[in-house]
Visitor: 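Have a look at the structure that comes next, please.
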Amino acid sequence: MGKVLAMLPSELLQRLDLGLEGDLPHLEEALTHPSFSNEQRGGRRVDNQRLEFLGDAVLGLCVTELLMERFPGAREGELSMMRSALVNTDALAAWARGVELGAALRVGRGAEVAGERDQTNVLADATEALVAALYLDRGFESARALSRKIVASPLAQLASGSMLGRDAKSELQERVQARGAASPRYRLIGTEGPDHDRAFLVAVEVDGKVIGTGRGRSKKLAEQAAARAALVACAAPEPATASDERAAAEPLDGAPESRGAPPAGGASSERPVNDRGPSR
């Protein structure tokens with residue numbers, strides 16, 4: 001373990017602030033890229049791919065728990081979209097770059113020359129492997145603490161109402177217009193709370209039909225939340241019926257009204273959680 005820790009930048013240990021200088025028998029494995037293992041002769045070859053598999057599940061659980069805690073009014077589809085915005089290849093790699101995790105990785109000579117140490121998928125895998133190492137060596141509480149650090153920055157954007165990715169209103173308008181419908185119309189339907197803590201309720205309509213509602217600390221934030229709710233509703237499949245099979249309606253025409261948008265923001269419409277394969 002001493003050899004591996006000597007490879008870690010001192011800044012990494014300080015930034016993680018999780019007591020990594022103690023006994024972590026799985027740390028070396030978590031920081032070993034398959035290219036390094038493949039170049040070793042004899043002995044037991046280990047790399048971080050198995051830990052990455054475990055870490056993916058542990059991180060997903062921890063982030064799910066965190067989102068349910070922070071957004072108690074959000075519905076399943078909204079939680080899923082927020083989780084996919086927080087736990088994906090690009091987001092995990094961004095955190096890894098911020099703590100210089102790549103500098104601690106053991107990579108093969110060829111991979112080093114090819115710049116694998118800073119590849120997005122390599123860094124994302126190492127991040128998940130690190131979560132798994134803490135889970136195995138220190139228990140769930142340590143893994144949870146690290147998971148919350150990993151998503152802290154993008155989660156703050158969610159909580160402040162900032163979008164993670166594309167603007168929801170713009171994306172909804174493009175989808176609606178692509179189907180030949182009129183542009184979405186946003187309508188204030190009410191307010192809640194005292195003057196110093198006012199929340200606005202907004203509905204978004206297409207061709208006179210409400211396709212989503214949202215809540216926010218300003219009308220602008222409420223409109224964004226309503227647009228995100230509409231995108232979630234459009235993406236949610238409904239049970240098929242005989243009439244559906246004969247004449248399927250366009251997603252926007254049959255989208256149910258959403259009532260559980262996060263109070264001050266949501267998430268981008270990225271791929272489903274933990275499905276990081278296509279981006280690698």
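In this text the structure is predicted, and so the values were computed from the model without any measurement.
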Visitor: Identify the two heavy atoms, one from V131 and one from S147, that lie closest to each other, and give their separation to 0.1 Å.
Guide: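 Scanning both residues completely, I find the closest heavy atoms to be CG1-OG, 3.9 Å.
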Visitor: I need the minimum non-hydrogen distance between N48 and P34, along with the two atoms involved.
Guide: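 So the two residues come closest at OD1-CD, 4.0 Å.
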Visitor: Search all heavy atoms of L86 against all heavy atoms of L155 and return the closest pair with its distance.
Guide: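 In this case the closest contact between L86 and L155 is CD2-N, 3.7 Å.
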Visitor: Checking E65 against R70 for the salt bridge (Lys or Arg N to Asp or Glu O under 4.0 Å) test, could you report, in this order, the C-alpha distance in whole Å, the side-chain angles of both residues, the deciding distance, and whether it holds?
Guide: CA-CA 9 Å; E65 176 189 58; R70 294 290 295 273; over 6 Å; no
Visitor: Can D118 and R97 be counted as an ion pair, charged N to O under 4.0 angstrom?
Guide: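 Looking at R97 together with D118, the answer is yes, because their closest N to O distance falls below 4.0 Å.
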Visitor: Could you check whether any side-chain N or O of N88 sits under 3.5 Å from a backbone N or O of S84, counting only pairs where one atom can act as donor and the other as acceptor?
Guide: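 Here the side-chain-to-backbone pair exists.
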Visitor: Determine, for E192 against R215, whether the closest basic-nitrogen to carboxylate-oxygen distance falls under 4.0 angstrom.
Guide: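 So E192 pairs with R215 through a salt bridge.
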Visitor: What heavy-atom pair brings A132 and L51 nearest, and what distance separates the two atoms?
Guide: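 Taking every non-hydrogen atom into account, CB-O, 3.1 Å.
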Visitor: Quick one: pull up CG in L24 and CG in L136 and give me the separation to the nearest 0.5 Å.
Guide: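 Answer for the CG-CG pair, L24 versus L136, is 10.5 Å.
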Visitor: Mark yes or no for whether R117, through its side chain, and L105, through its backbone, hold a donor-acceptor pair below 3.5 Å.
Guide: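 Pair found, side chain donor or acceptor close to backbone of L105.
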Visitor: Between CZ of R148 and CG of L66, what distance do you get to the nearest 0.5 Å?
Guide: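 One gets 4.5 Å once the value is rounded to the nearest 0.5 Å.
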Visitor: Measure across R198 and T191 and return the closest heavy-atom pair with its distance rounded to 0.1 Å.
Guide: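 Residues R198 and T191, closest heavy atoms: CD-CB, 3.5 Å.
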Visitor: Decide yes or no on salt bridge (Lys or Arg N to Asp or Glu O under 4.0 Å) for E29 and R50, but give the supporting numbers first.
Guide: CA-CA 9 Å; E29 182 177 347; R50 284 174 56 85; 5.3 Å; no
Visitor: Would you call E141 and R144 a salt bridge, taking side-chain N to carboxylate O under 4.0 Å as the test?
Guide: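 Salt bridge: yes.
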Visitor: Looking just at side-chain N and O atoms, do S35 and E116 make a donor-acceptor pair shorter than 3.5 Å?
Guide: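 Judged by distance alone, the side chains do not pair up.
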Visitor: If you measure only the distance, is there a donor-acceptor pair under 3.5 Å linking the side chains of T213 and R187?
Guide: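 Judged by distance alone, the side chains do not pair up.
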Visitor: Rounded to the nearest 0.5 Å, how far apart are CD of Q49 and CD of E128?
Guide: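 That separation rounds to 10.0 Å.
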Visitor: Regarding K169 and the six-membered ring of Y186, is the cationic atom NZ or CZ under 6.0 Å from the ring centre and inside 45° of its axis?
Guide: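 Verdict for Y186: a cation-pi partner in K169.
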Visitor: Is it possible for you to say whether M68 and L61 belong to one hydrophobic cluster, with membership spreading through side-chain heavy-atom contacts below 4.5 Å?
Guide: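 Shared cluster, yes.
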Visitor: Using modelled atom types and a 3.5 Å cut-off, is there a donor and acceptor pairing between side-chain atoms of T64 and backbone atoms of G60?
Guide: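 Yes, T64 side chain to G60 backbone: donor-acceptor pair under 3.5 Å.
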Visitor: If you count heavy atoms of other groups shown closer than 6.0 angstrom to CZ of F53, is the number above 12?
Guide: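 Atom CZ in F53 is not crowded, with 12 or fewer foreign heavy atoms closer than 6.0 Å.
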Visitor: Which atom names give the shortest non-hydrogen contact between A181 and D207, and what distance separates them?
Guide: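 Closest approach of A181 to D207, heavy atoms only: CB-OD2, 3.7 Å.
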